[in-house]
**Q** 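Okay, here's the structure, questions in a sec.
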Amino acid sequence: MGGYSIEHIRSLVEDARVHRDVYIDPEIFDLEMERIWGRAWIYVGHESQIPNPGDYFITRVGKEPVVMTRGKDGQVHVIYNRCAHKGAKVVERTCGNAQGFRCPYHGWTYKLDGSLQGVPARSGYADTGFDMKDPRFHMQKLAQVDSYRGFVFACQSKDTPDLKTFLGDAAATLDNMADRSPEGELEVAGAPLQYVHDCNWKMWVENLNDAMHPMVAHSSVGDAARRYAAQLPEGTPYPREAEIIFPFGSSYKFFDEMGVTTLPYGHGYMGGEMSIHTEYSEIPGYFEAMVASYGEERAKQILSQNRHNTIFYPSFTAKDAVQAVRVVRPIAVDKTIIETWHFRLKGAPEDMLKRTILYSRLINSNGSMVGPDDWDCYARMQEALVSQSYEWVDMRRGLGKEERLDGKERSFGTSDLSFRNQYRAWLDYMTKDVEDREAA
Amino acid sequence: MTAKAAEKTASAPDVMDIEKFLYDEADLLDRGDLKAWLELFTEDGRYWMPARPDQDDPETEISLFYDDRLLMSIRALNFGHPLSPMMEHPVRTSHVIGNVRLADWDGETARVTANFHVVALQRKEQTVFAGRYTYELVRAGAGWKIRQKRVDLINCDMPMKNILIYL
């Protein structure tokens, strides 16, 4: 490696377009894993997945295998899932409860915070420099770990600002999702969807705030639903499925009015007060439970926030009004796993969770009629970007039309503002450590 | 033997008869005839593909599929739709069903289990899906209707790509 100079990386991102190599060059992918995924706060999991001391859950932060654990004192730890001895992955079960961890190869044992508990026949290590207390002989901790409203993030760099600073106004999405529970708390419900995409991770992230694609890429399912509804006897009430599917075919004007807002660190969201989820019918008992907890005014205020997709660049996206989040796990330059997790609003009628699940089955599932059409478009880009005919990917829509206020930028919903904001952050991450090193 | 038990025994379905029904159902899927296929279901019929082994609730936990007749009808209209980018690629399947067993018969509903191997062509790529079917079948005249078809993939909780047709 080392083929990419800082000037070369800078030349890949212009105001109105980005070079195709950011999507197709494996060397760029490796640099991203180091400089973006190794520096940003990456979503790990939710605290409700590990409610009790000894609970654990394994996942990845960028390329790194990690374990999220809850210590005996209740503290949440995120440690690298690598034995300090020969490098074997120590924990293989996705989740469970344990007193500690034991490497299945040579039997080194670790406490829940990753510190070394013991090694077999320890006398053999006498006078070798081996030290039980030395973190080199531990399952090491990631540099920073913190959580916000139960959402646990970890960061591999000590130099990145704290989680609250990183989240900024994007945190309001997580607040809103949790506040939508009459008890102010969320709980993971069931196993996630794990959807393998044949595309670069950035294509998937960009698509979340791409309001120019639904009326095109998703027009078939809208058409199928309309044709089905048209043959129903007159006066038949629309089923719940329809109110979820139909908004995906909304007009350009509708998405424009939704608006797009961007934030520092590449974050951003669509909507705010209105989105494709605004017109969902009420679920009996829910509003009453909210009023009982918060009072009517505050309950209405909570329910009036409606962000379409909030992107926590680069690893995490959330829908506050639907209580589903999606997690980006990059595998290779052209392979990405997208996990979808679902949340129960504690204290709310179970029908709220059922709607979340219905939504996700219709939209996010590997077997849905929406996700696969996105999937196909990403794969088409991955296939055709190798073309020598043109080296650039365009993102100029709405260029120069954005309003700036308090570190935020806002534009009409079908603007490419969100992409431009993501590539500003991309460039910061990809060039900053090099600049720092050169300045030193 | 009570009269009711005698009746139950006398009317016990023939497994070969059920096998033929399952083969015919699979044939409709292999032909991509979702319109005819969904007519095999009762009005309250369901097609369920859980997202983890031993999942017991399709409504409060995510599944890969949990379709009623309404969604089956929309899916039949969407299948091969010229406006769908994914549907521009041919989707073809080849089902092989075996180990068909009558697990339970209460005089009205037959619970039938079977193993399946489905080789699917999706987006230019050939994939093997395998697992177990659990059917709830009810008598409809001389034939059967499906009240529920549960499809437990052996890899249902692992990362996977698209599933573009009922298996």
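Order of the sequence lines fixes the chain letters, A, B, ..., with proteins taken first and strands second; residue numbering starts at 1 for each chain.
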**Q** Does the A/Gln194 side chain pair with the main chain of B/Met160, one donor and one acceptor, at a distance under 3.5 Å?
**A**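 Answer holds: no.
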**Q** Does A/Arg380 reach the main-chain N or O of B/Pro85 with its side chain, forming a donor-acceptor pair under 3.5 Å?
**A**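 Such a contact is found between A/Arg380 side chain and B/Pro85 backbone.
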**Q** In terms of heavy-atom proximity below 4.5 Å to chain A, should B/Asn155 be classed as side chain, backbone, both, or neither?
**A**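 Looking at B/Asn155, nothing touches chain A.
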**Q** Measuring from B/Leu77:CG to A/Met369:CE, what's the distance to the nearest 0.5 Å?
**A**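 If we round to the nearest 0.5 Å, B/Leu77:CG and A/Met369:CE are 9.5 Å apart.
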**Q** Quick check on the interface: out of B/Met86, B/Glu88, B/Met158, who has the most heavy-atom pairs with chain A under 4.5 Å?
**A**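 Among the listed options, the one with the most contacts to chain A is B/Met86.
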**Q** Can you tell me which of A/Val221, A/Leu358, A/Val216, A/Ile245 forms the most heavy-atom pairs within a distance under 4.5 Å of chain B?
**A**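 Heavy-atom pair counts peak at A/Val221.
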**Q** Distance from A/Asp373 atom CG to B/Met87 atom CE, nearest 0.5 Å?
**A**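 Spacing of CG (A/Asp373) from CE (B/Met87) equals 7.0 Å.
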**Q** At a 4.5 Å cut-off on heavy atoms, which part of B/Pro58 comes close to chain A: side chain, backbone, both, or neither?
**A**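 Backbone only.
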**Q** Would you say CZ of B/Arg52 has more than 12 non-hydrogen atoms from neighbouring residues, nucleotides or ligands within 6.0 angstrom?
**A**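 More than 12 within 6.0 Å, yes.
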**Q** Select one option (side chain, backbone, both, neither) describing which atoms of B/Tyr66 are under 4.5 Å from chain A's heavy atoms.
**A**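 Both backbone and side chain.
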**Q** Counting only non-hydrogen atoms closer than 4.5 Å, does B/Asn162 touch chain A with its backbone (N, CA, C, O), its side chain (CB onward), both, or neither?
**A**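 Contact with chain A involves both backbone and side-chain atoms of B/Asn162.
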**Q** I'd like to verify something: which residue of B/Asp57, B/Leu83, B/Ile62 has the highest number of heavy-atom pairs under 4.5 Å with chain A?
**A**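 The residue among B/Asp57, B/Leu83, B/Ile62 with the greatest pair count is B/Ile62.
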**Q** Is there side-chain contact between B/His89 and A/Asp376, with at least one heavy-atom pair below 4.5 Å?
**A**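 Yes, at least one pair of side-chain atoms sits under 4.5 Å.
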**Q** For B/Arg92, I'd like to know if atom CZ has over 12 heavy atoms of other residues, nucleotides or ligands within 6.0 Å.
**A**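 At most 12 heavy atoms, drawn from other residues, nucleotides or ligands, come within 6.0 Å of this atom.
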**Q** Let me know if A/Asp351 has heavy atoms under 4.5 Å from chain B in its side chain, its backbone, both or neither.
**A**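 It is neither, since no heavy atom gets under 4.5 Å.
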**Q** I need the residue from A/Ala379, A/Cys377, A/Pro192 with the largest number of non-hydrogen atom pairs under 4.5 Å to chain B.
**A**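 Maximum pair count with chain B is reached by A/Ala379.
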**Q** Let me know if B/Leu164 has heavy atoms under 4.5 Å from chain A in its side chain, its backbone, both or neither.
**A**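 Just its side chain gets close to chain A.
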**Q** Let me know if A/Ser368 has heavy atoms under 4.5 Å from chain B in its side chain, its backbone, both or neither.
**A**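 Just its backbone gets close to chain B.
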**Q** Below 4.5 Å from any heavy atom of chain A, which atoms of B/Met49 appear? Answer side chain, backbone, both or neither.
**A**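 Neither part.
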**Q** Under 6.0 Å from the CD atom of A/Gln231, do we count more than 12 heavy atoms belonging to anything else shown?
**A**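 Enclosed: over 12 neighbouring heavy atoms sit under 6.0 Å from CD of A/Gln231.
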**Q** Between CG of A/Leu193 and SG of B/Cys156, what distance do you get to the nearest 0.5 Å?
**A**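 One finds 11.0 Å between CG of A/Leu193 and SG of B/Cys156.
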**Q** Can you tell which of B/Pro82, B/Ser73, B/Ala51, B/Ala76 has the highest number of heavy-atom pairs within less than 4.5 Å of chain A?
**A**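 The option with the most such pairs is B/Ser73.
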**Q** Does a side-chain heavy-atom distance below 4.5 Å link B/Asp68 with A/Glu241?
**A**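 Contact flag for B/Asp68/A/Glu241 side chains = yes.
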**Q** Report, in residue-number order, which members of residues 332-347 of chain A are under 4.5 Å from chain B by heavy-atom distance.
**A**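 Contacts with chain B: A/Lys335, A/Ile337, A/His342.
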**Q** Tell me whether B/Arg139 at atom CZ has more than 12 heavy atoms from other residues, nucleotides or ligands lying less than 6.0 Å away.
**A**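 It does: B/Arg139 CZ has more than 12 such atoms within range.
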**Q** Nearest 0.5 Å, please: how far is CG in A/Asn366 from NZ in B/Lys161?
**A**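 Going from the NZ atom of B/Lys161 to the CG atom of A/Asn366 covers 12.0 Å.
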**Q** Calculate, to the nearest 0.5 Å, the distance between atoms OH and CD1 belonging to A/Tyr195 and B/Ile163 respectively.
**A**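 Atom-to-atom, A/Tyr195:OH and B/Ile163:CD1 are 9.0 Å apart.
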**Q** Counting only non-hydrogen atoms closer than 4.5 Å, does A/Ala229 touch chain B with its backbone (N, CA, C, O), its side chain (CB onward), both, or neither?
**A**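 Neither part.
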**Q** How far does OH of A/Tyr228 sit from CZ of B/Arg75, to the nearest 0.5 angstrom?
**A**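 It is 14.0 Å, given to the nearest 0.5 Å.
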**Q** Measuring heavy-atom distances to chain A, does B/Gln122 have an atom under 4.5 Å in its side chain, in its backbone, in both, or in neither?
**A**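 The answer is neither part of B/Gln122.
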